[in-house]
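Convention: sequence-line order gives letters A, B, ...; per-chain numbering from 1.
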Amino acid sequence: MLSPMDKEAVIEALEEIAVLLELKGENPFKTRAYVNAGRTLERWEGDLKRWVAEERLGEIKGFGEALQQKVSELVSTGKLGYLEDLRASVPAGLIEMLDLPGLGPKKIKALNKELEIVTVEALEEACQAGKVASLSGFGAKTQQKILDGIEFRRRYASHHRVDKALALAETFLDRLRSHPDVIRCSIAGSLRRHKEVIGDVDFLVSAKESAAIIAFFTEQAEVESIIAAGETKSSVIVAGGIQADLRVVSDREFPFALAYFTGSKEHNIVMRQRAIQRGLRLNEYGLFRSTEETRDAELLEECATEEEIFAKLELPYIPPELREDHGEFESAEANDLPRLIEWTELRGSLHNHSNWSDGRQTLEEIIAHCQDLGCDYWAVTDHSKSSFQANGLDAVRLRKQIKTIESLNNGLESEGAAFRLFTGSEVDILSEGTLDFDNELLSELEVVVASVHQGFTQSEAQLTKRFIAAAENPFVHMLGHLSGRLLLEREPYAVNQKAVIDACAETGTWIELNASPYRFDLDWRLWRYAKKKGVRCVINCDAHRAEHAGFLRLGAGIARKGWLSKDDVVNTQSQDSLRKALALKRASQGS
DNA sequence: GCCGTTTTCGGCCCGACTGTTTTCAGTCG
């Protein structure tokens, strides 16, 4: 007997249908109907099984007869005949080809029909044999582009971690700013929206004359190859394999182009629709008083900034991080957008390592660096004994570290310094759900983070139970990197994150937003849920070396994306009020 | 495949660039 499908599995099935339909060359609007249905379900919070049983799916916008039938079948039987037929009719290799630049559904379909190609390997062979160039609609350049794409995919993943993308972006942005013809310039795209991983880096520039800027951009030393260089638009690949796109517009167009190229695509669609509803037309060049296609300056609504565009569409300013069509329009209309946290409001990090375990710096070096940065406090939470791979501390070494930190703090106090190092531990949650230290030792620490570092191949039920058990321990202040994912490297643990969040809400346990660009864990998509449940966030560097203190800024970007305000984040508090909160957490749960 | 106070058909966001054509289709964002 097949088990009935949950919401996530249904969403995956709908997305798969959309991809397969696209490859079959179906009506693109039919394809979009499946994409939209998946997106709607992602944000929908009802009980899917119940709605299917009560035959209420039709009440959800975008669910017509066909989708109601398919989702009902999926939910009640765990499978879908329509999808199985589709899968059988489209070779898996064709889906893979969609990732290659220059290949879309039409060209893939032609390759399949004319040359009977069904795998990427066969495609590569056909290109090398020169067979692809002779197909109608293809040519030598297309063939070479496909070969380059296959080679590129081997060398690099198509996505990049934010720290890498940001380093590139800031270097290029500085240079663009210094160019005499540049009037305004900005990062756009997913990097401006603070996504957790970046596909490419988008730059937008306003200038009176574009050719010189395009040339300047493509001539940068880091540029490895030029994909495109037109009048107003250029794409390059820089060292390390990141694609960077530049658009040059007039200064009058700048705010419209900035809004457009910041996206997301889904957010832009709603913005355009709002324009149409008001008898206007919005594109990257302007907001026009005509629904006809036009760039007529006479019909232009002048806007000097993005704020003014939102105002013309009767909205308050929506910060880039929220532009995902994840409820920002509803919230903006109700004038209920949160005032998002600023990274400068963070006063320190509560999960970090020293050279006592697997960190690089000594306690003294950490103090000096954090004081330089202007932090009010910093917790040293080295690994516990079971993390022997990370040189975890046993009880004897930990007690010795506590004494050492106390002595360093006494030194700071006698100097009249306000900064303090907090004692702590990142204590392992063991496979049975118990902690690596007993409560007596934990009670001697100022900050306790509980994390999973072993046994993460357990079942979802087991892992979830372990986290909940840790949250229920009164000496645990917060849970560390809950999903355990390593971006672009390792999938999350099988853990029911919402169930753990619920348990944290019950027990008053905080949850870490691990600000390492390798993790960004919890995911930003879960913070609104946590916030609604009253669970507080701690933005932690998980620093293993001095420069990781800079992760606070990246973590704040993800927190903003999760709709968090200063008051939702524990480590925006002063040292005194944080001490009280740390103590209160234990007192309230102990009683 | 969905939708509708202009409702059962016809539209669904829209423009730039490339490569292949000889005026435009496909891809991309």
Side-chain angles (χ1 to χ4, degrees), chain A residues 14 17-18 21-22 24-40 57-58 60-71 82 97-111 132-146 148-149 158 188-193 198-204 210 214 226-236 243-249 253 256-257 259-277 280-288 291-295 325:
Chain A
L14 294 174
I17 291 172
L21 288 178
E22 195 176 15
K24 286 182 81 84
E26 263 287 358
N27 174 357
F29 298 105
K30 181 171 168 179
T31 305
R32 194 182 297 168
Y34 284 95
V35 174
N36 288 343
R39 280 181 54 81
T40 302
L57 283 181
I60 308 174
K61 192 170 155 59
F63 281 69
E65 262 181 51
L67 271 157
Q68 288 173 48
Q69 183 276 319
K70 290 183 176 82
V71 171
Y82 175 73
M97 288 177 207
L98 272 177
D99 284 340
L100 296 172
L103 285 188
K106 301 254 166 58
K107 283 210 156 81
I108 291 172
K109 213 178 156 206
L111 288 165
V132 170
S134 56
L135 289 182
S136 149
F138 291 75
K141 285 199 175 172
T142 303
Q143 179 170 275
Q144 189 55 46
K145 200 171 169 185
I146 293 170
D148 290 346
S158 59
S190 54
L191 194 55
R192 185 164 182 245
R193 299 201 314 279
I198 302 299
D200 56 22
V201 179
D202 297 303
F203 297 99
L204 181 71
S210 65
I214 297 281
I226 299 169
I227 301 172
E231 296 252 321
T232 63
K233 182 180 168 181
S234 172
S235 291
V236 299
Q243 180 173 330
D245 294 346
L246 169 71
R247 286 292 285 248
V248 184
V249 298
E253 292 164 337
F256 302 103
Y260 181 85
F261 290 112
T262 296
S264 65
K265 197 157 75 177
E266 292 78 11
H267 173 94
N268 285 351
I269 288 170
V270 179
M271 289 289 279
R272 283 170 187 277
Q273 283 166 347
R274 286 186 74 92
I276 291 166
Q277 284 159 11
L280 305 168
R281 182 186 195 85
L282 179 65
N283 60 28
E284 62 258 58
Y285 301 110
L287 179 64
F288 300 95
T291 51
E292 300 295 312
E293 188 179 323
T294 181
R295 283 171 76 169
D325 191 21

When rounded to the nearest 0.5 Å, the distance separating CG of A:Asp202 from CG of A:Leu246 is 9.5 Å
Looking for any heavy atom pair under 4.0 Å, which part of the strands does A:Leu282 touch: base, sugar-phosphate only, or nothing?
nothing
Mind checking the P distance from B:dG11 to B:dA16? Whole angstroms is fine.
23 Å
Using the closest heavy atom to pick a nucleotide of DNA chain B for each, name whichever of A:Pro105 or A:Lys233 lands nearer the 5' end.
A:Lys233
What contact category does A:Glu65 fall into here, base, sugar-phosphate, or nothing, at under 4.0 angstrom with non-hydrogen atoms?
sugar-phosphate
Suppose we call a contact any N or O donor and acceptor under 3.5 Å apart; does that hold for the side chain of A:Tyr260 and the base of B:dG29?
yes
Return the value, rounded to whole Å, for the distance between atom CG of A:Leu103 and atom P of B:dG19.
13 Å
As an exercise, state the distance from CG of A:Leu100 to CG of A:Asp148, rounded to the nearest 0.5 Å.
11.0 Å
Using a heavy-atom cut-off of 4.0 Å across all strands, would you classify A:Lys109 as base, sugar-phosphate, or nothing?
nothing
Taking atom CD of A:Glu65 and atom CG of A:Leu57, what is their separation to the nearest 0.5 Å?
12.5 Å
What's the gap between B:dC3 and B:dC13 when it is taken at their P atoms, as a whole Å value?
14 Å
Does B:dC14 have OP1 or OP2 under 4.0 Å away from a side-chain N or O of A:Arg281?
yes
Taking only the C1' atom of each, what is the distance from B:dA25 to B:dT20 in whole angstrom?
9 Å
For atom P, what is the distance between B:dT23 and B:dC28, given to the nearest Å?
25 Å
So how far is it from A:Gln69 CD to A:Phe63 CZ, rounded to the nearest 0.5 Å?
13.0 Å
Examine distances only and state if a side-chain atom of A:Ser234 and a backbone atom of A:Ala228 form a donor-acceptor pair shorter than 3.5 Å.
yes
Taking only side-chain nitrogens and oxygens of A:Thr142, does any of them come within less than 4.0 Å of OP1 or OP2 of B:dT20?
yes
When the distance from CD of A:Gln144 to C1' of B:dT18 is rounded to whole Å, what number comes out?
15 Å
Between B:dC13, B:dA16, B:dT27, which one does the side chain of A:Thr232 approach most closely?
B:dA16
Span that lies between the C1' atom of B:dT5 and that of B:dG1, in whole angstrom:
23 Å
Check the distance between B:dG29's P and A:Ile198's CD1 and give it to me in whole angstrom.
14 Å
Taking all non-hydrogen atoms of both residues, which atom of A:Ala18 and which atom of A:Val35 are closest, and how far apart?
CB-CG2, 3.5 Å
The nucleotide from B:dC13, B:dT27, B:dA16 with an atom nearest the side chain of A:Tyr285 is B:dA16
In this structure, how many angstroms lie between the C1' atom of B:dG19 and the NZ atom of A:Lys145, rounded?
8 Å
Contact between A:His267 and A:Arg193 at the side-chain level, heavy atoms closer than 4.5 Å - yes or no?
no
Could you give the NZ-to-P distance, from A:Lys30 to B:dC2, as a whole number of Å?
10 Å
Between NZ of A:Lys106 and P of B:dC24 the distance, given in whole Å, is 16 Å
Send over the distance from A:Leu100 CG to B:dT27 P, rounded to a whole Å.
12 Å
Which value, rounded to the nearest 0.5 Å, describes the distance between A:Leu21 atom CG and A:Asn27 atom CG?
9.5 Å
Side chain of A:Ala66, heavy atoms from C-beta onward: which of B:dC2, B:dC13, B:dT27 has the nearest atom to it?
B:dC2
Reading 5' to 3' through nucleotides 5-12 of chain B, protein heavy-atom contacts under 4.0 Å coded B for base, S for sugar-phosphate only, - for none:
-------B
Return the nearest nucleotide to the side chain of A:Asp245; candidates are B:dG1, B:dC17, B:dG29.
B:dG29
Separation of B:dT27 P from A:Gln243 CD (nearest whole Å)
17 Å
Below 4.0 angstrom from OP1 or OP2 of B:dG19, is there any side-chain N or O of A:Lys107?
no
Go ahead and name the base partner of B:dT8; Watson-Crick or wobble counts if both distances stay under 3.5 Å, otherwise write none.
none
For A:Ala229, which contact category applies under a 4.0 Å heavy-atom criterion: base, sugar-phosphate, or nothing?
sugar-phosphate
Of all the choices, B:dC14, B:dT20, B:dG1, which nucleotide is nearest to the side chain of A:Arg272 once you look at every atom?
B:dC14
Please report the distance separating the C1' of B:dG29 from the corresponding atom of B:dT22, rounded so that it comes out in whole Å.
28 Å
Pick the closest DNA chain B nucleotide for A:Glu284 and for A:Ser136 by heavy atoms, then say which residue is nearer the 5' end.
A:Glu284
Taking B:dT7 as the reference, what is the distance to B:dC12 when you measure between their C1' atoms (whole Å, please)?
15 Å
